[in-house]
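Have a look at the structure below before the remarks.
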Amino acid sequence: MSDPVLLITGASSGIGAATARLAAANGYRVALAARSQARLADLVDELGGSERALALRCDVQSIEDQQAMVARTLAHFGQLDAVYANAGIPGSEGGFSGADPEAWKAMLLTNVYGVALTLRYSLEALKASRGHVLLTGSAAGRFVIPGSMYGASKWAVTGIGMNLREELRGTGVRVTLVEPGMVDTPLFDEPPDYALQPEDIARAVVYALSQPAHVDLNEILIRPTPPLAES
C-alpha cells in the first residue's frame with residue numbers, strides 16, 4: 001500500500017484527533033501517539049482498524065518512547081511521509097512572580113523538549129521520503145502575553161520551526177508552523193462561544209499537506225473571527 005503515512009503526537013483528543021480523522025478521510029494512513037493508548041484504540045477502530053491506523057503510547061518527554069514511536073510506525077507501515085508535532089499542555093496562573101515552577105517544568109518539557117525529540121527521531125525517515133514536518137505553535141507565540149510562560153514556550157516552537165526549515169534546506173523536507181488562536185479544546189476550561197473548533201485547525205493541516213512538492217507553506221496563523229459588536 002502506497003497511501004502516505006502521517007504520524008501525529010497528542011492524537012487522542014482535540015486538534016490531534018480531529019486532524020487524524022480528516023487526514024484519514026483524505027487518504028492518509030495515520031500513526032496516533034499519546035499518553036492514553038486506551039483512547040487511541042477507539043480512534044483506530046473508527047478510522048478503519050490496523051491497516052489504516054496505529055495506536056502508539058508515547059510520553060513525548062521520553063527519549064525511549066519517541067524512538068519506539070518512530071520505529072513502530074516504520075515497522076507497521078513501511079514508510080513515514082509526514083509528522084505533526086502537536087502534543088502540548090497549558091501553562092499555569094501566577095506569572096513569573098507567582099506560578100508553580102514545577103508546572104513550568106512539565107509544560108516546557110512537553111511543549112519544547114518534546115517537540116524537539118519528535119524531530120530528532122523522525123527526521124531521518126522524513127529526509128528519506130522528502131516528507132513534511134508540521135508543528136503546533138500558537139498565536140501566543142506571535143505576541144506578548146503578560147507573565148505567560150506558555151506564550152514563551154510557543155515562541156520557542158516558532159523558533160524551532162524557523163530554524164528547522166533552514167537546517168533542512170535542500171533536503172526536500174517541508175516545514176509548516178500552524179499557529180492557532182483560542183481553540184475549544186481541553187486546554188481551556190471555558191472557551192468563549194466564538195472560539196475555533198479543532199476541525200478548523202485540522203483543515204489547515206490537511207491544506208498544508210495537500211500542497212504540491214514545490215510549495216513550502218511556512219506558516220498558517222488562524223484566529224477566531226471576533227464576535228459581532230453590540231448595536
Side-chain angles (χ1 to χ4, degrees), residues 4-20 23 28-37 40 43 53-77 79-90 105-138 141 150 153-168 171-180 185 187 201-202 204-205 208-209 218-220:
V5 175
L6 168 63
L7 168 61
I8 304 170
T9 65
S12 62
S13 64
I15 293 170
T19 300
Y28 277 83
R29 294 175 289 166
V30 289
L32 310 172
R35 287 179 295 181
S36 173
Q37 193 165 4
L40 291 176
L43 188 54
L54 173 67
L56 299 162
R57 189 200 171 280
C58 179
D59 179 346
V60 295
Q61 298 182 25
S62 165
I63 290 175
E64 293 76 14
D65 282 6
Q66 295 257 19
Q67 289 174 316
M69 173 185 74
V70 174
R72 287 190 59 200
T73 299
L74 291 169
H76 188 81
F77 290 125
Q79 65 193 80
L80 181 58
D81 302 285
V83 169
Y84 184 23
N86 168 69
I89 59 176
K105 182 178 179 180
M107 180 190 63
L108 291 170
L109 285 174
T110 298
N111 294 6
V112 182
Y113 181 66
V115 168
L117 288 182
T118 299
L119 301 176
R120 174 64 180 83
Y121 296 109
S122 65
L123 284 179
E124 182 178 353
L126 291 172
K127 288 177 183 178
S129 65
R130 295 185 179 179
H132 199 152
V133 175
L134 302 105
L135 310 171
T136 295
S138 174
Y150 174 80
S153 77
K154 290 303 183 178
W155 274 95
V157 174
T158 299
I160 287 172
M162 292 180 175
N163 293 342
L164 176 65
R165 188 175 300 113
E166 291 306 307
E167 178 181 344
L168 296 176
T171 66
V173 180
R174 297 179 290 175
V175 179
T176 301
L177 186 64
V178 181
E179 302 161 310
T185 72
L187 288 179
I201 314 308
V205 173
L209 288 169
N218 291 180
E219 294 182 75
I220 308 178

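Here the structure is a predicted model, which is why all the values come from computation and not from measurement.
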Would the distance check show the side chain of [X] and the main-chain N or O of [Y] forming a donor-acceptor pair, the cut-off being under 3.5 Å?
| X | Y | result |
| --- | --- | --- |
| Arg130 | Gly172 | no |
| Asn111 | Ile89 | yes |
| Ser62 | Cys58 | no |
| Ser129 | Leu80 | yes |
| Arg72 | Leu56 | no |
| Asn86 | Gly10 | yes |
| Thr171 | Lys127 | no |

Exercise for the section: Check the pair Tyr84 / Thr118 against side-chain contact (heavy atoms from CB on, under 4.5 Å), numbers first and verdict last. Expected result: CA-CA 9 Å; Tyr84 184 23; Thr118 299; over 6 Å; no
Handout entry: side-chain contact (heavy atoms from CB on, under 4.5 Å) against Asn163, all qualifying residues, sequence neighbours excluded
Key = none
Exercise for the section: Answer whether the closest heavy-atom distance between the side chains of Leu164 and Leu123 falls below 4.5 Å. Expected result: yes
Problem - Stepwise side-chain contact (heavy atoms from CB on, under 4.5 Å) check, Thr136 with Val205 - result: CA-CA 9 Å; Thr136 295; Val205 173; over 6 Å; no
Problem - Counterpart residues, salt bridge (charged side-chain N to carboxylate O under 4.0 Å, His left out), relative to Asp65 (two or more places apart) - result: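 Applying salt bridge (charged side-chain N to carboxylate O under 4.0 Å, His left out) to Asp65 gives Arg57.
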Exercise for the section: Could I get the full list of salt bridge (charged side-chain N to carboxylate O under 4.0 Å, His left out) partners for Glu124, not counting sequence neighbours? Expected result: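 In terms of salt bridge (charged side-chain N to carboxylate O under 4.0 Å, His left out), with neighbours along the sequence ignored, Glu124 is linked to no residue.
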Pairwise distance [atom1]([X]) to [atom2]([Y]) - rounded to 0.5 angstrom:
| X | Y | atom1 | atom2 | value |
| --- | --- | --- | --- | --- |
| Glu219 | Thr158 | CD | OG1 | 7.0 Å |
| Leu7 | Phe77 | CG | CZ | 9.5 Å |
| Met69 | Leu74 | CE | CG | 10.0 Å |
| Thr73 | Gln79 | OG1 | CD | 11.5 Å |
| Asn218 | Thr176 | CG | OG1 | 7.0 Å |
| Arg174 | Leu126 | CZ | CG | 11.5 Å |

Practice task
Decide if atom CZ of Arg35 counts as having more than 12 heavy atoms of other residues, nucleotides or ligands within a radius under 6.0 Å.
Solution key: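 No - once you tally the heavy atoms of other residues, nucleotides and ligands closer than 6.0 Å, there are 12 at most.
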Nearest non-hydrogen partners of [X] and [Y], listed with the distance:
| X | Y | value |
| --- | --- | --- |
| Pro180 | Ile201 | CB-CD1, 3.7 Å |
| Val133 | Leu119 | CG1-CD2, 3.6 Å |
| Lys154 | Ser138 | CG-CB, 3.5 Å |
| Val30 | Ala23 | CG1-CB, 4.3 Å |
| Leu43 | Ala20 | CD2-CB, 4.2 Å |
| Gly161 | Val175 | O-CG1, 3.7 Å |

Exercise for the section: Evaluate the side-chain contact (heavy atoms from CB on, under 4.5 Å) criterion for residues Gln61 and Thr110: first the C-alpha distance (whole Å), next the side-chain angles of each, then the deciding distance (0.1 Å), finally the verdict. Expected result: CA-CA 6 Å; Gln61 298 182 25; Thr110 298; 3.0 Å; yes
Exercise for the section: Just do the side-chain contact (heavy atoms from CB on, under 4.5 Å) check on Asp81 and His132 with the steps written out, would you? Expected result: CA-CA 6 Å; Asp81 302 285; His132 199 152; over 6 Å; no
